[in-house]
Undergrad: 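Just passing along the structure, written as structure tokens.
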Amino acid sequence: MTYNSEEMQQILEVAFKRKQQGEFTREQIIEIASELGVSSESLKAAEQEWLTKEVEVKKDQMSNNQKRKEFQVHLITFIAVNGFLILLNLFTSPGYFWAIFPLLGWGLGLFLHGMKAYIM
């Protein structure tokens, strides 16, 4: 029976998933690649490409965590300042609720910041 390169790759992926022993040394990867006829230059290029992608993924994760922490600080500040403004409004001029204006304006900015931090 013969297999094309795509079928061979799929079979090997299944075999590696079944092995489930976790880690391979670099030497084992080089040995497997040489048995498959992959040149050392091609393997080095593939390894470098993989490492570059891994670094990008880690940077994105760190960036997302930083954005979320910044949003949380923004949220706490929003609650503290607007809570103070509402109390000030209730004690100084309870007949006119002027605190709604900074609450709505800042709330819109906070909403957009949350969208950027958690969705985009």
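Basis for what follows: all heavy atoms, side chains included, without hydrogens, waters or symmetry-related copies.
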Undergrad: Evaluate the side-chain proximity of Leu85 to Trp106: yes if any heavy-atom separation is below 4.5 Å, no if none is.
TA: no
Undergrad: How about CD on Glu6, more than 12 heavy atoms from neighbouring residues, nucleotides or ligands closer than 6.0 Å, or not?
TA: no
Undergrad: Does Thr77 reach the main-chain N or O of Val73 with its side chain, forming a donor-acceptor pair under 3.5 Å?
TA: yes
Undergrad: Is there a chain of hydrophobic side chains (I, L, V, M, F, W, Y, each step under 4.5 Å between heavy atoms) that links Val81 to Phe84?
TA: yes
Undergrad: Would you compute the distance between atom CG of Asp60 and atom CG of Asn64 and round it to the nearest 0.5 angstrom?
TA: 6.5 Å
Undergrad: Between atom CD of Glu56 and atom CG of Leu51, what is the distance when rounded to the nearest 0.5 Å?
TA: 11.5 Å
Undergrad: What's the separation between atom CG in Asn82 and atom CG in Leu110, rounded to the nearest 0.5 Å?
TA: 9.0 Å
Undergrad: Under 3.5 Å, which donor-acceptor pairs do the side chains of residues 90-101 form with other protein atoms, sequence neighbours left out?
TA:
| residue | atom | partner | partner atom | Å |
| --- | --- | --- | --- | --- |
| Thr92 | OG1 | Leu88 | O | 2.7 |
| Ser93 | OG | Asn89 | ND2 | 3.3 |
| Ser93 | OG | Trp98 | NE1 | 3.1 |

Undergrad: For Glu49, enumerate each residue passing the salt bridge (charged side-chain N to carboxylate O under 4.0 Å, His left out) test, keeping only those at least two apart in sequence or located in another chain.
TA: Lys53
Undergrad: Nearest 0.5 angstrom please: Gln61 CD to Lys59 NZ, how far?
TA: 13.0 Å
Undergrad: Residues two or more places apart in sequence or in another chain: which of them pass ring pair (Phe, Tyr, Trp, His ring centres under 6.0 Å) with Phe71?
TA: His113, Tyr118
Undergrad: Of all heavy-atom pairs between Lys67 and Ala117, which one has the smallest distance, and what is that distance?
TA: O-CB, 3.7 Å
